[in-house]
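Right, one structure below, let's go through it.
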Amino acid sequence: VELAKNKKYSQALELCKRLKKKNPKNEIIINTLSIVYRRLGRYREALFWAKEAIVLNSEFWPAHNNIARIYHDMGDLEKCLKIYRKIKDKEPGYLEARVNFAVSLKSTGDYAASLVEYNALAKLKNSNTIQFHLALTQLCLGMYEKGFLGYEVRWKVFPLNKSVWPIKDRELWEGQRDKNVLLWKEQGIGDDILFMGLVPEASEITNSTTVFTDPRLISLCERGMPGVIFKPYRGKIEDEEFDYHLPMGSLPRLFRNSEKDFERVTTGYLKADPKRVEDLSQELGIGNKKVIGISWKSIKSLHTLKKSLCLMELGKIFQGLDVVLLNLQYGDVNEEIRDFTKATGIEVLQCKSVDNREDLDGLAALIENCDLVVSTSNVTIHLAGALGKETWVLLPYVANFWWLLDRTDSVWYPTLKLYRQKKFQDWSNVLLDLKKDLNRKF
């Protein structure tokens, strides 16, 4: 289990097989083998072994829970919910399955029922996991004050429960005015960019604001927020003078307690280098061409598969348009782009002088060269939103809390337009709507 949690799946699988050979009738080992297969996305084998565990012990509820999770990941939510309702009826105290049941209710779009389940669970047990998921559900529903208060429990659940704070035994900032405040990054680059949008408001009420952030963001931040001091965050913060400190994800608790608070959003709080924008335009030979920047997958996300699609799927919506596509996708996608161009005849510009993952200043300059950005929900979207670029976002059926529900606009990034899946893991309606809007615009 620990090997699988650390994504050492081949080692976990090998160990499970050895254990099973020595203990062929142990339902715990057999179900663990199924869990490893599930995490590998090998659902047929995962289902087989989970059912074998139930043959050995029909009331081994972790195996039932595992089967429900397999069906969830396969997109068969009807079977998934049926199993969870059975577990809830037979073993109502099995809290892990109840939490997964609430998550699955969200996957069907039934956030209200999910909220009811989380509230019931919170009364049954004082669990950090339950409180955290309750807070995320509240935030999705726009219950900002309760949600961001509950969001503080993130430090007690995976993965942040393994974090080591860079500052200890110093007082946290609670919004006191005219103080020297130090803020520090805590999560991934996308989250960092999102929460960075609150720094201008924080700096308005402080004497000085120092932000420790990803080194790749510093130049963009300095141009966009000249009154704030930005320093590279490398896991430790020493020899700094300040009155209070705060992790970046706690800023919304101070500044976003209602939807009205989002009226203060700063558009374009990150700024690209104008000279680099011009240099890249010349390098790519853009001239007067209409340019659409594209990105189609999320890498190393907790929801990678749900948030991603292949370039061939996305690229077809651009057929027949008088535009040039510009690759904004990070990672090694050269082969995918070659195959796409060969199959469709559509050229995708690639900038050799910019590493889209490591050179965020360069990526920002590429984004500024676009008339429009079209992308799934990933770092590119956060960067484009923070730059104030018109951007169309492909969202999965169940999206992160900052995208809220049933909205085509973003409260965090005013220049974004949201296109949502209408069915779990089905991009067809999104691509159809995008195609219609692209035809109207170009």
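All values reported here derive from a predicted model rather than from experimental measurement.
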Exercise for the section: Evaluate the criterion salt bridge (Lys or Arg N to Asp or Glu O under 4.0 Å) for residue pair E2 and K8; output intermediate values, then yes/no. Expected result: CA-CA 9 Å; E2 286 302 314; K8 297 178 180 177; over 6 Å; no
Practice task
Apply salt bridge (Lys or Arg N to Asp or Glu O under 4.0 Å) to E336 and R338, showing your working.
Solution key: CA-CA 5 Å; E336 195 172 356; R338 277 197 302 271; over 6 Å; no
Exercise for the section: Report the C-alpha distance between F230 and F212 in whole Å, list the side-chain angles of each, state the deciding distance to 0.1 Å, and finish with yes or no for ring pair (Phe, Tyr, Trp, His ring centres under 6.0 Å). Expected result: CA-CA 6 Å; F230 292 94; F212 278 79; over 10 Å; no
Exercise for the section: Determine, stepwise, if the pair F48 / Y37 fulfils ring pair (Phe, Tyr, Trp, His ring centres under 6.0 Å). Expected result: CA-CA 10 Å; F48 174 84; Y37 275 125; 9.6 Å; no
Practice task
Run the numbers on K275 and E278 for salt bridge (Lys or Arg N to Asp or Glu O under 4.0 Å), then give the verdict.
Solution key: CA-CA 5 Å; K275 185 177 187 310; E278 179 59 33; over 6 Å; no
Exercise for the section: Would you sort out whether R216 and D214 count as a salt bridge (Lys or Arg N to Asp or Glu O under 4.0 Å), showing the intermediate values? Expected result: CA-CA 5 Å; R216 294 172 290 175; D214 191 297; 2.9 Å; yes
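Annotation: side chain of W49 is not in contact with side chain of N31 (no heavy-atom distance under 4.5 Å). Inter-residue side-chain proximity for Q329 and N378 is flagged as met; some heavy-atom pair is nearer than 4.5 Å. Annotation: side chain of Y330 is not in contact with side chain of K297 (no heavy-atom distance under 4.5 Å). With a 4.5 Å cut-off on side-chain heavy atoms, T341 and I346 do not count as touching. Two residues are said to be in side-chain contact when any heavy atoms from C-beta on lie closer than 4.5 Å; I381 and L416 meet this criterion.
Between D361 and R223 there is a salt bridge, since a side-chain N of the basic residue sits under 4.0 Å from a carboxylate O of the acidic one. Under 4.0 Å is where a charged nitrogen must lie from a carboxylate oxygen, and between R420 and D406 no such pair does. Look at R256 and E201 and you find a salt bridge, because one of the NZ, NE, NH1 or NH2 atoms lies within 4.0 Å of a carboxylate O, short of that distance. With respect to the salt-bridge test (charged N to carboxylate O, under 4.0 angstrom), the residues K271 and E368 do not qualify.
No hydrogens or angles considered: nothing links the side chains of W155 and E186 as a donor-acceptor pair under 3.5 Å. No side-chain N or O of W403 forms a donor-acceptor pair with one of S410 less than 3.5 Å apart. Checking T213 against D192 by side-chain atom types alone, a donor-acceptor pair falls below 3.5 Å. Counted by atom type alone, S281 and R276 present zero donor-acceptor pairs between their side chains at under 3.5 Å. The closest side-chain donor-acceptor pair between T206 and S203, if any, does not fall under 3.5 angstrom.
Heavy-atom contacts from other residues, nucleotides or ligands closer than 6.0 Å to CG of N6 number more than 12. Within 6.0 Å of CD in E145 there are 12 or fewer heavy atoms belonging to other residues, nucleotides or ligands. Enclosure of atom CG in N334 by more than 12 non-hydrogen atoms of other residues, nucleotides or ligands within 6.0 angstrom is indicated. Other residues, nucleotides and ligands contribute over 12 non-hydrogen atoms within 6.0 Å of the NZ atom of K435.
Of the options Y43, Y84, F424, a ring-ring contact (aromatic ring centres under 6.0 Å, His included) to H72 is made by F424 and by none of the others.
In this pair, F262 and W412 present their aromatic rings perpendicular. The plane angle is above 60°, beyond the 30 to 60° band.
Both the sub-6.0 Å distance and the 45° axial angle are satisfied by R170 relative to the ring of F242.
The line from SG of C370 to NZ of K290 is 12.0 Å long, rounded to the nearest 0.5 Å.
A donor-acceptor pair under 3.5 Å is formed between the side chain of S308 and the backbone N or O of S298.
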